[in-house]
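Naming convention: chains lettered A, B, ... in sequence-line order (proteins, then strands); numbering from 1 in each chain. Any value given below was found using the heavy atoms of this structure, including those in side chains, with hydrogens, waters and symmetry copies removed.
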2 protein chains.
Amino acid sequence: MATGRNHRPATSRSRGIPDATVARLPLYLRALTALSERSVPTVSSEELASAAGVNSAKLRKDFSYLGSYGTRGVGYDVEYLVYQISRELGLTQDWPVVIVGIGNLGAALANYGGFASRGFRVAALIDADPAMAGKPVAGIAVQHSDELERVIEENGVSIGVIATPAASAQPVADRLVAAGVTSILNFAPTVLSVPEGVDVRKVDLSIELQILAFHEQRKSGELPDDGRAVPGTDIGEDAGGGVTGSPVAPPAASVTKRTASAAPAATDRRGDEPGNDGDLPAVMPA
Amino acid sequence: MATGRNHRPATSRSRGIPDATVARLPLYLRALTALSERSVPTVSSEELASAAGVNSAKLRKDFSYLGSYGTRGVGYDVEYLVYQISRELGLTQDWPVVIVGIGNLGAALANYGGFASRGFRVAALIDADPAMAGKPVAGIAVQHSDELERVIEENGVSIGVIATPAASAQPVADRLVAAGVTSILNFAPTVLSVPEGVDVRKVDLSIELQILAFHEQRKSGELPDDGRAVPGTDIGEDAGGGVTGSPVAPPAASVTKRTASAAPAATDRRGDEPGNDGDLPAVMPA
DNA sequence: CTATCTTTGTGCACGCGTTCACAAAGACAT
DNA sequence: ATGTCTTTGTGAACGCGTGCACAAAGATAG
Ligand SMILES: NC(=O)c1ccc[n+]([C@@H]2O[C@H](COP(=O)([O-])OP(=O)(O)OC[C@H]3O[C@@H](n4cnc5c(N)ncnc54)[C@H](O)[C@@H]3O)[C@@H](O)[C@H]2O)c1
Ligand SMILES: NC(=O)c1ccc[n+]([C@@H]2O[C@H](COP(=O)([O-])OP(=O)(O)OC[C@H]3O[C@@H](n4cnc5c(N)ncnc54)[C@H](O)[C@@H]3O)[C@@H](O)[C@H]2O)c1
């Protein structure tokens with residue numbers, strides 16, 4: 001999921017390419033680029049789908065939204081398809097990008113080669129720390145936040161990347177938008193509020209890990225139901241596991257007659273067995 | 001959101017929580033944690049939904065999968081909900097994690113505080129470069145790849161993070177899986193092939209930017225070649241981004257009578273309008 | 001030109017996810 | 001108790017995305 005979006009007609013897609021398809025185009029493009037470098041002239045939907053890690057029917061349907069670029073009995077012309085997808089994604093033009101917040105992550109992003117190779121050009125690196133100003137990162141001198149608006153306007157930047165601490169993300173986003181940016185890639189763990197017409201996509205490592213943890217818990221616990229899954233991973237016993245600290249207070253009655261509703265909660269759970277309300281020592285958040 | 005699903009029969013979710021909901025739980029948890037720190041006792045679905053950037057009806061339905069933890073006429077008990085969601089996500093236990101590939105990105109990840117704050121503990125940092133061995137990154141000494149299997153087994157690691165170059169990703173994934181890892185977060189731009197039962201989530205900056213570029217292109221009104229102009233979105237934008245270079249080579253008839261189909265492609269495109277922002281997952285299962 | 005084989009393009013059905021809308025639960029006042 | 005007001009929990013409708021299955025297009029061989 002991308003962002004904390006709120007605007008969205010929902011029934012607005014009257015002609016465009018489905019969002020799900022757009023999200024896969026870069027995947028196909030990557031696979032096609034690899035084929036192109038090996039001078040492979042054509043590929044079947046089956047081969048390409050396999051390389052991209054998707055279902056071949058899905059791939060064909062995706063391409064059908066772009067038009068009929070394949071040849072029955074043969075497959076797709078690699079070079080031609082690379083061009084068509086690039087064009088559709090808007091990669092046939094140069095996209096200047098600004099990265100705001102040149103800390104650990106921002107610096108890594110600035111050094112990332114995947115930028116330039118796809119038509120994205122780092123127009124500027126911005127940081128609020130005066131001590132950073134002038135320092136070269138990835139061959140580009142970091143500029144102070146004061147330069148933000150000027151840089152955006154002078155370079156016609158429409159895409160901004162936020163890699164500042166969470167607390168600064170919204171203010172930075174506001175400035176980016178005010179200066180003309182209409183697309184933001186946010187790495188800070190916060191929900192950004194932006195005006196209609198501005199796209200925000202977010203990348204949150206913490207969320208990804210939590211999703212993995214959820215599934216991991218099911219695997220080890222083996223109980224699909226309500227979960228008081230128990231540790232003891234399948235693999236070699238976990239020494240490190242176990243209860244460490246106890247940042248979070250156990251359920252317990254914190255307010256009102258919560259105590260009552262804690263047990264009765266079993267009344268609604270679908271197929272699960274009652275009497276659980278499992279209470280394990282809590283370890284976590286902050 | 002969570003769209004492309006591959007393994008995980010989808011139907012196997014039996015009485016489980018929908019994937020889309022699982023993906024949002026961390027979002028709710030973050031918002032709730034913030035409220036908790038401000039000692040707010042209860043929240044209504046409306047308030048919390050707003051803080052998490054989602055629709056209130058969706059939030060209520062999401063919570064309904066966990067059970068009936070709200071009180072009509074009042075809302076949800078913050079502390080209680082924090083605990084329930086943490087438990088459901090498996091955050092009440094400690095998850096040791098290994099990061100493989102301590103380069104620009106790997107080092108940034110190692111320094112990321114969002115790890116520990118959610119119950120994830122960096123058990124080890126692994127890199128193939130002998131020169132890196134022993135060097136401390138984020139307070140932890142980097143270990144050579146040879147130690148990979150031992151570290152995983154000794155710590156009962158079940159979650160691995162790959163931050164190596166694309167070419168090394170698959171081999172690293174194979175070793176992780178062979179050693180017992182069953183969940184992988186992949187930052188390398190490659191499709192990983194893993195056995196059934198192993199979850200892989202990927203984060204690809206390049207793909208995110210390309211998706212943004214797609215929408216950005218629509219906003220600026222011109223659909224190169226085949227498509228004609230589209231009504232401007234809203235924000236009086238300045239066609240941001242001056243067209244500079246042309247990263248991608250033009251079509252050119254490379255095979256057969258391709259030249260003909262270039263124009264006729266207009267036959268299928270219907271009319272559409274922009275405005276929609278795909279809320280697809282920034283990260284998809286792979 | 002006809003037959004056969006390959007692979008695309010897509011109609012169709014199905015299931016997940018989103019959203020609306022409202023009955024009912026409970027808080028609170030009288 | 002009874003009534004009013006607030007907010008949850010969820011039934012139901014709907015749209016999107018997925019994947020099957022196959023007719024048709026085109027290549028290729030005879
Ligand atoms: N490091 C990671 O792997 C990682 C992973 C996921 C998310 N994040 C998130 O990314 C963000 C950055 O992480 P980091 O590890 O690089 O942090 P960091 O502290 O190393 O860097 C933050 C940088 O932002 C600058 N900054 C602060 N306020 C600013 C402002 N208003 N304008 C411009 N610059 C400003 C600071 O000077 C600093 O250089 C954080 O929100 C973090 O939660 C980081
Ligand atoms: N830097 C970014 O912002 C960014 C963004 C998106 C994706 N990525 C991807 O993340 C990966 C890492 O990027 P980076 O900028 O940190 O690269 P990098 O070259 O700085 O670091 C890669 C590290 O991996 C190590 N390595 C190589 N092969 C290995 C192996 N087989 N086992 C263990 N370690 C090995 C190298 O020694 C090096 O330290 C790349 O695949 C890149 O495409 C990076």
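The separation between B:Ile17 atom CD1 and C:dG17 atom P is 12 Å, rounded to whole Å. In this structure, A:Asp62 atom CG and C:dG9 atom C1' are separated by 13 Å, rounded to whole Å. Rounding to whole angstrom units, CG of residue B:Leu59 and P of C:dC20 are separated by 14 Å. For the pair A:Asp19 CG and D:dC16 P, the interatomic distance rounds to 10 Å; values are reported in whole Å.
A donor-acceptor contact under 3.5 Å is formed by the side chain of A:Lys61 with the base of D:dG19.
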N/O-N/O pairs, protein side and nucleotides 6-9 of chain D side, under 3.5 Å:
unit_1	atom_1	unit_2	atom_2	d
D:dT7	O4'	B:Gly73	N	3.0
D:dT8	OP1	B:Ser45	N	2.5
D:dT8	OP2	B:Ser45	OG	2.6
D:dT8	O2	B:Arg72	NH1	2.8
D:dG9	OP1	B:Gly70	N	3.1
D:dG9	OP2	B:Tyr76	OH	2.6
D:dG9	O4'	B:Arg72	NH2	2.8
D:dG9	N7	B:Arg60	NE	2.9
D:dG9	O6	B:Arg60	NH2	3.2

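Residues passing the side-chain hydrogen bond (donor to acceptor under 3.5 Å, both in side chains) test with B:Asn186: none are found, sequence neighbours excluded. Residues passing the side chain to side chain contact (heavy atoms under 4.5 Å, CB included) test with B:Gln170, sequence neighbours excluded: B:Ala173, B:Asp174, B:Leu192, B:Ser193. Scanning for side chain to side chain contact (heavy atoms under 4.5 Å, CB included) contacts around B:Thr190 gives B:Ala166, B:Ala169, B:Ala188, with sequence neighbours left out. Every residue meeting the side chain to side chain contact (heavy atoms under 4.5 Å, CB included) condition with A:Ser56, not counting sequence neighbours, appears here in chain and number order: A:Ser45, A:Glu46, A:Ala49, A:Arg60. Residues forming a side chain to side chain contact (heavy atoms under 4.5 Å, CB included) with B:Ser50 (at least two apart in sequence, or on another chain): none. The ring pair (Phe, Tyr, Trp, His ring centres under 6.0 Å) check on B:Tyr28 picks up B:Phe63, with sequence neighbours excluded.
Distances shorter than 4.0 Å separate some side-chain N or O of A:Lys58 from OP1 or OP2 on D:dG19. At the phosphate of D:dC20, OP1 or OP2 sits under 4.0 Å from a side-chain N or O atom of A:Asn55.
Applying the salt bridge (charged side-chain N to carboxylate O under 4.0 Å, His left out) test to pairs two or more places apart or on separate chains, those with a residue in residues 25-35 of chain B are A:Asp204-B:Arg30.
When all heavy atoms of A:Ser183 and B:Lys219 are compared, the pair lying nearest together is OG-NZ, 3.6 Å.
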Both distances under 3.5 Å, Watson-Crick or G-U wobble: on that basis, could you give the dot-bracket string for DNA chain C, with [ ] for crossing pairs and | for other-strand partners?
-> ||||||||||||||||||||||||||||||

